[in-house]
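Atoms within each ligand, like the ligands themselves, are counted from 1 in listed order. Quick caveat, the model's predicted, so the values are computed rather than measured. All residue numbers refer to positions in the sequence shown, counting from 1.
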Amino acid sequence: MVASRADVVIVGGGHAGSELAFRLRQGGFAGSVALISAESHLPYQRPPLSKAFLAGEITVDQLLIRDTDSYEKAEIGWYPSMTVTALERSAKRLRLGDGSVFGYGKLVLATGGRPRLLALPGAALNGIFTMRAIPDVDALRPYLVRGHRLVIVGGGYIGLEVAAVAVKRGLAVEIVEFAPRVLARVAGPKLSAFYAAAHQAAGVTLRLNTGVDGFGPLVGDPSHVGSVLCNDGTILPADLVLVAAGLVPNVELAREAGLELGNGIAVDQFCQTSDADILAIGDCAEFPLGGRRVRLESVPNAAEQARVAASVLNGAPKAYGAVPWFWSDQYQLKLQSVGLNHGYDAEVVRPVTSEGGFVVFYLKAGRVIAADCVNAISEFNYAKRLVAQGADIDAGDLADPAVELKSLLLTRA
Ligand code: FAD
């Protein structure tokens, strides 16, 4: 048993944790920093897992956020393949899966989340996958064979991105979605309808308003999935299944240690938990934003919270200040979303003739609170600023491509 300690210990070597470690050094932090991760790979980008990495267009090395040398040069202690099993706040130490203990001065929980599993009959059959980490994609990729039937449970971003890669590979792809439209949790009906049509045009079958009751075995191999049983009685033949039914934040360490929780580890705008020596950042953290408490699952949010936590730990706290944004790549469609559309009362569509795309603006009481930009990269930059301003703008102007977004900004700056 090796006992160790660091001035700042970060649990979770994902995007948030690794970004924080380097931000600390950039801000002049001179103490010891340890980054402990349950995964064996150096911190890597997850977004390509359902896009270019799944498609085999990039390698593991290209996923890595930084190489080994960078950690050595920055004197960041990297502890891979180590799971923290308990947090003992009174002794300010962690227990690890191998029985060792790790003391901390300040602790940052950057534990991310895990795919939501379906507690349904047959859910443990082989050939049923989720997608969060490199080994998930390594396991699924050999099944991406022309002619195979892929059923995707869940029509959110990950489900749709995998559908786009798979149908291009010649698989027969069917998406089963409980809601009446795809992307129902994050986007308005106009964007959902656009993406549904794009997938259908590519050959994907959408089965909306449909739940899954279980999975049936393959005839001849009872250990392998052979079908998906829908709640309307339909049986869909399947060679492989992807369950893309959302994320469960990893809050167990915090819960067992008695930290305050909401829909994640509860923190303030400085990423501070209910314990003064513990912060939480990234997908696992629930924080105040725009008058609500939210938990965001995006790389820009992980990066922003890493910046905030580094500022706190470096003694010059700067509160969360970014407008949240997100992207998704499907087929030739680049989606960039900014803001949170909760409570919007109007959707305004603006065509973008130069790039063949469009923008959906979400308005609440006349103010722009969010925007989805499809193949509209320059508009996205203005949309970001309009959302940041909370601009009160005439819907007719927003919808009219002859009225430059820039001019709307300038008149209200
Ligand atoms: P994670 O990246 O989940 O990292 C958490 C780490 O903590 C993991 O390595 C985990 O193993 C480790 N850990 C957890 N518990 C313990 C423990 N007890 N002990 C030790 N280690 C532990 N975002 C976008 O903005 N755009 C996209 O297009 C996009 N696409 C995505 C596609 C996929 C397939 C996935 C899975 C995610 C995508 N995201 C996208 C989301 C984005 O990747 C996440 O928001 C981001 O990775 C969150 O970073 P994080 O560090 O908070 O969590």
Ligand 1 to [X] polar contact by distance, N or O atoms, under 3.5 Å:
X	result
L49	no
D283	yes
N250	no
A16	yes
C284	no
K51	yes
S298	yes
E161	no
H15	yes

Taking [atom] as the point of reference, which of [options] owns the nearest heavy atom?
atom	options	answer
atom 21 (N) of ligand 1	S18, A244, A38, G17	A38
atom 53 (O) of ligand 1	A306, G112, G13, S50	G112
atom 4 (O) of ligand 1	A133, A302, G14	G14

Legend entry - Partner of D283 under salt bridge (charged side-chain N to carboxylate O under 4.0 Å, His left out), chosen from R295, R132, R114, R46: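 With D283 as partner, R295, R132, R114, R46 yield a single salt bridge (charged side-chain N to carboxylate O under 4.0 Å, His left out), made by R132.
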Inset, instruction - Over 60° means perpendicular and under 30° means parallel, so classify the ring planes of Y320 and F287, tilted if in between. - result: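 Rings of F287 and Y320: tilted, 30 to 60°.
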Where ligand 1 meets [X] - atom numbers and elements under 4.0 angstrom, heavy-atom basis:
X	answer
L253	18 (N)
V11	17 (C), 19 (N), 20 (C)
A110	5 (C), 6 (C), 7 (O)
M82	19 (N), 20 (C)
G282	52 (O)
P300	25 (O)
E39	8 (C), 9 (O), 11 (O)
M131	36 (C)

Tell me: protein heavy atom nearest [atom], and distance?
atom	value
atom 12 (C) of ligand 1	G12 CA, 3.7 Å
atom 35 (C) of ligand 1	I158 CD1, 3.7 Å
atom 3 (O) of ligand 1	R132 NH2, 2.6 Å
atom 14 (C) of ligand 1	T111 O, 3.2 Å

Inset, instruction - For the pair T273 and D275, evaluate side-chain hydrogen bond (donor to acceptor under 3.5 Å, both in side chains) and give the outcome as yes or no after the intermediate values. - result: CA-CA 5 Å; T273 68; D275 181 320; 5.4 Å; no
Inset, instruction - Mark yes or no for whether N341, through its side chain, and Y344, through its backbone, hold a donor-acceptor pair below 3.5 Å. - result: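 Looks like no, no N/O pair under 3.5 Å.
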Legend entry - Short side-chain to backbone donor-acceptor contact, S37 and P80, under 3.5 Å: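 Such a contact is absent between S37 side chain and P80 backbone.
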Inset, instruction - Give the contacting part of Y157 toward ligand 1: side chain, backbone, both or neither, where contact means a heavy-atom distance below 4.0 Å. - result: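 None of Y157 does.
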Inset, instruction - Measure centre to centre between the rings of Y44 and H15, then say whether the value is under 6.0 Å. - result: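 Ring-ring flag for Y44/H15: false, centres at least 6.0 Å apart.
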Legend entry - Aromatic contact, Y157 with F326 (centres under 6.0 Å):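 That pair passes the under 6.0 Å test.
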Inset, instruction - Please report the closest heavy-atom contact between V323 and G339, naming both atoms and the distance. - result: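 Nearest heavy atoms, V323 then G339: CG1-N, 3.9 Å.
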Inset, instruction - Can you spot which of Y362, W325, W327 makes a side-chain contact (heavy atoms from CB on, under 4.5 Å) with V338? - result: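 Answer to the side-chain contact (heavy atoms from CB on, under 4.5 Å) test with V338 among Y362, W325, W327: W325.
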Inset, instruction - Scan L117, I128, V212, I152 and name whichever one has a side-chain contact (heavy atoms from CB on, under 4.5 Å) with V243. - result: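 Looking at L117, I128, V212, I152, the match for V243 under the side-chain contact (heavy atoms from CB on, under 4.5 Å) is I128.
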Inset, instruction - May I ask whether E252 has any heavy atom positioned less than 4.0 angstrom from an atom of ligand 1? - result: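 Contact absent.
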Inset, instruction - Run the contact test for E19 against ligand 1 with a 4.0 Å cut-off on heavy atoms, strictly below, and give the result. - result: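 Under 4.0 Å: no for E19.
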Inset, instruction - Determine whether V204 and E174 make a side-chain contact, defined as any pair of heavy atoms from C-beta on separated by less than 4.5 Å. - result: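 The answer is no; the side chains never approach within 4.5 Å.
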Legend entry - Residue of the set R149, H148, H224 for which side chain to side chain donor-acceptor pair (under 3.5 Å) holds with D239: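 Testing each of R149, H148, H224 against D239, the sole residue satisfying side chain to side chain donor-acceptor pair (under 3.5 Å) is R149.
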Legend entry - salt_bridge(D277, K92) N-O dist < 4.0 Å: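 Salt bridge between D277 and K92, a charged N being under 4.0 Å from a carboxylate O: yes.
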Inset, instruction - May I ask you to decide whether D329 forms a salt bridge with K51, counting only side-chain N to carboxylate O separations under 4.0 Å? - result: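 Looking at D329 and K51, the cut-off is not met.
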Inset, instruction - Verify side-chain contact (heavy atoms from CB on, under 4.5 Å) between L107 and I10, making sure each step is shown before the conclusion. - result: CA-CA 6 Å; L107 176 68; I10 304 166; over 6 Å; no
